[in-house]
Structures are given as C-alpha cells and as structure tokens.
Amino acid sequence: MLVLFLKEYFMEQTKFIVFDLDGTLCNTIIGLFNASKDYFKAKNLEFNYTLDDIKSFIGNGARKLFQRLLKSDTIDENEYQEYLKYYLQDQYVSRLYPNVRKTLLELISRGYKLLIYSNKPNNLLQPLVSYKFKGIEFIHIQGQDDNYPCKPDPTLLNIILNKHELDSKYGYYVGDSYVDVLTGKNVNLKTIVVKYGYGDLAKIKETKPDVIIKNFKELLEVIK
C-alpha cells in the first residue's frame, strides 16, 4: 500500500513542459516559404507571397496552410501530398531560436520532462526534431495526426498526458500563438507565449496567456 502511495505521489509531482515547435523552438519560416515557392514553380503557378504572408498562414496545420496558399476551401488530396514532399525536403534550413538548446538542457537538469505537441504533420515533425535537437531528451514528440482534430482541440494532447501519467496542474504549454494558448487552457495547463514567434500579439492577448516572454531563456525565470 505504501509503495503504491509513493508511486502515485511522485507521478503526480512530475513537472513538465509541452512546447509548440514552429515559431517557438524553431524558426521554420524559410523552409515553409521555400517549399511553397518550389511547389508553385513545379505547377507553373505565379508565386507572389512574402515571408510575412506565409507567417500569417501558420497555426492551424499544414492542410489549412495549403488551402490558404491556394485561396481555396477545397484541395486535391494528391496535390496536398505533393506539397508535403516539398515541405519535407525544404524544412531542414530551419534554425533553433537563440538560447533554446541551452535553456532546454537547463530545464531537464532541473527535473522537468519535455514534450513537443505541434500542428506540423507528424511525419515531417519527427525527422526535423531528430535532426535539430540531438542530445535533448523529449519524453513525447507529437505532430498532427489525421485521426484527431488539430490544436486547439484537446483530445490528442489529453491522451498523451494520460499516457505519461502527467497531472496538468504541474505543467506548462509554451507556444507563440493564440492557438497555443487555447490548447494549453483546454487541458488546464499554465500558458506561456514567446513574443518573437509568428502569432498575432493582439489575438494572443485576447486569449489571456499566463505569461508573455521576449526571449526563450526567460523561461528559467518564470518557470519555478
């Protein structure tokens, strides 16, 4: 009985942080821009988008981004899958934001468990994280799964937290958009937004995150 009590106590006390990827841990905009431009070139379509345009399309998953690129609510599935091939090949130019690696390692040393939960398609997310975050341990890395709704729907994230026996009152969600704030709130996590990301600050403030930070290393000050 005592062993069971101690096991449950320490599982409940596990501190953890769930991170968004694009605009939070990684600056992926150049890869997304290049993928979109390469797709349009392959289709002999005129490409008139700027980096800021592509930024404004991010936040609700790759399928929605593709719809916004084509200015259409309906898309051809084969064309979408072709676009994802460009997305996959061009994403490796992405760069971690300043202080991300050092801060993540420090958080691990303080006993925090780290997870990634992103709307980037899972088959694109996994190789990118593996390539860019060598030496950093995440207990779970999850991208968008077509069997579940995208963020901010809480269904899949709740499944992940339950799988790892994580109690939301000991966790944080860190992102760069109002979608991330809503995602965190929907699973009762404290929410932190990085100001340097892709999100619209006015929309972010409307969703009332717990904290907004300017630099990733500020996490070490606001997460105790």
Inset, instruction - Find out whether Asp22 and Leu32 are in side-chain contact, i.e. whether some heavy atom of one side chain is under 4.5 Å from a heavy atom of the other. - result: yes
Legend entry - Nearest heavy-atom neighbours spanning Pro154 and Val187: CB-CG1, 3.7 Å
Legend entry - Asp200 CG to Ser56 OG distance, which is reported to the nearest 0.5 Å: 10.0 Å
Inset, instruction - Please indicate whether Lys163 has more than 12 foreign heavy atoms, meaning atoms of other residues, nucleotides or ligands, lying under 6.0 Å from its NZ. - result: no
Inset, instruction - Please determine which of Lys190, Lys113, Gln13 meets the side-chain hydrogen bond (donor to acceptor under 3.5 Å, both in side chains) test together with Tyr170. - result: Gln13
Legend entry - Non-hydrogen side-chain atoms of Val193 and Asp180 separated by less than 4.5 Å: no
Legend entry - Side chain to side chain, Ile192 and Ile17, heavy atoms closer than 4.5 Å: no
Inset, instruction - Find out if a path of hydrophobic residues (ILVMFWY) with successive side-chain heavy-atom gaps under 4.5 Å connects Val179 to Leu124. - result: no
Inset, instruction - Would you check if there is a donor-acceptor pair between the side chains of Glu82 and Asn78 at a distance under 3.5 Å? - result: no
Inset, instruction - Answer whether the closest heavy-atom distance between the side chains of Leu107 and Leu220 falls below 4.5 Å. - result: yes
Inset, instruction - Check whether more than 12 heavy atoms from other residues, nucleotides or ligands sit under 6.0 Å from atom CD of Gln81, and answer yes or no. - result: yes
Inset, instruction - Return yes if some donor-acceptor pair links the side-chain N/O of Thr103 with the main-chain N/O of Val100 below 3.5 Å, else return no. - result: no
Legend entry - Leu69 and Ile54: CA distance, side-chain angles, deciding distance, side-chain contact (heavy atoms from CB on, under 4.5 Å) verdict: CA-CA 8 Å; Leu69 278 170; Ile54 302 301; 3.8 Å; yes
Inset, instruction - State, yes or no, whether a side-chain contact exists between Asp38 and Gln89 at a heavy-atom distance under 4.5 Å. - result: yes
Inset, instruction - Indicate whether the side chain of Asp153 and that of Thr155 have a donor and an acceptor atom separated by less than 3.5 Å. - result: yes
Inset, instruction - Tell me whether the guanidinium CZ or amine NZ of Lys15 lies under 6.0 angstrom from the six-membered ring centre of Tyr112 and within 45° of its axis. - result: yes
Inset, instruction - Group every Ile, Leu, Val, Met, Phe, Trp and Tyr by side-chain heavy-atom contacts under 4.5 Å, then state whether Leu128 and Leu88 land in the same group. - result: yes
Legend entry - Lys43 atom NZ, over 12 foreign heavy atoms within 6.0 Å: yes
Legend entry - Which atom of Pro152 lies closest to which atom of Thr183, heavy atoms considered: CA-OG1, 3.2 Å
Inset, instruction - Could you label the plane-to-plane angle of the Tyr97 and Tyr196 rings as parallel, tilted or perpendicular, counting under 30° as parallel and over 60° as perpendicular? - result: tilted
Inset, instruction - Would you indicate whether Asp73, at its atom CG, is surrounded by more than 12 heavy atoms from other residues, nucleotides or ligands within a distance under 6.0 Å? - result: no
Inset, instruction - Applying ring pair (Phe, Tyr, Trp, His ring centres under 6.0 Å) between Phe57 and each of Tyr198, Phe33, Tyr49, Phe66, report the one that passes. - result: Tyr49
Inset, instruction - Test Leu65 against Ile58 for side-chain contact (heavy atoms from CB on, under 4.5 Å), laying out the working first. - result: CA-CA 6 Å; Leu65 185 151; Ile58 295 173; 4.0 Å; yes
Inset, instruction - Might you work through the side-chain contact (heavy atoms from CB on, under 4.5 Å) test for Ile75 and Arg63, ending with a clear yes or no? - result: CA-CA 9 Å; Ile75 55 174; Arg63 190 177 296 275; 3.8 Å; yes
Legend entry - Nearest non-hydrogen partners of Lys185 and Thr191, listed with the distance: N-CG2, 3.9 Å
Legend entry - Carboxylate-amine/guanidinium proximity below 4.0 Å for Glu106 and Lys102: no
Inset, instruction - Quick one: closest heavy-atom pair of Phe16 and Ser168, and the distance? - result: CZ-CA, 4.1 Å
Legend entry - Nearest non-hydrogen partners of Gly61 and Cys150, listed with the distance: CA-SG, 4.5 Å
Inset, instruction - Look at atom NZ of Lys217 and say whether more than 12 heavy atoms of other residues, nucleotides or ligands are closer to it than 6.0 Å. - result: no
Inset, instruction - Would you check if Leu115 and Gln142 make a side-chain contact, meaning some heavy-atom pair closer than 4.5 Å? - result: no
Inset, instruction - Calculate, to the nearest 0.5 Å, the distance between atoms CG and OH belonging to Asp90 and Tyr39 respectively. - result: 14.0 Å
Legend entry - Side-chain heavy-atom pair Ser36, Tyr86 within 4.5 angstrom cut-off: no
Legend entry - Nearest-0.5 Å distance that lies between atom CG in Leu70 and atom OH in Tyr80: 11.5 Å
Legend entry - Nearest-0.5 Å distance, CG of residue Leu96 to OG1 of residue Thr24: 12.0 Å
Inset, instruction - Indicate, with yes or no, if Leu201 and Leu51 share a hydrophobic cluster defined by side-chain heavy-atom contacts under 4.5 Å among Ile, Leu, Val, Met, Phe, Trp and Tyr. - result: no
Legend entry - Considering all heavy atoms, the nearest Tyr92-Lys132 contact: O-NZ, 3.2 Å
Inset, instruction - Kindly work out whether a path of hydrophobic side-chain contacts (I/L/V/M/F/W/Y, heavy atoms less than 4.5 Å apart) joins Leu114 to Leu156. - result: no
Legend entry - Rounded distance (nearest 0.5 Å) linking atom CG of Asp20 with atom CG of Leu25: 7.0 Å
Inset, instruction - Would you indicate whether the side-chain heavy atoms of Ile108 and Phe138 approach each other to under 4.5 Å? - result: no
Legend entry - Identified side-chain hydrogen bond (donor to acceptor under 3.5 Å, both in side chains) counterpart of Asn60 within the set Lys151, Arg68, Gln67: Arg68
Legend entry - OH/Tyr131: more than 12 non-hydrogen atoms of other groups inside 6.0 Å: no
Inset, instruction - Would you kindly confirm whether Ile136 and Val194 end up in one hydrophobic cluster when ILVMFWY residues are joined by side chain heavy atoms under 4.5 Å apart? - result: yes
Legend entry - Geometric class of the Phe19/Phe216 ring pair [parallel <30°, tilted 30-60°, perpendicular >60°]: tilted
Inset, instruction - Step by step, work out the side-chain contact (heavy atoms from CB on, under 4.5 Å) result for Val18 and Ile160. - result: CA-CA 11 Å; Val18 185; Ile160 293 167; over 6 Å; no
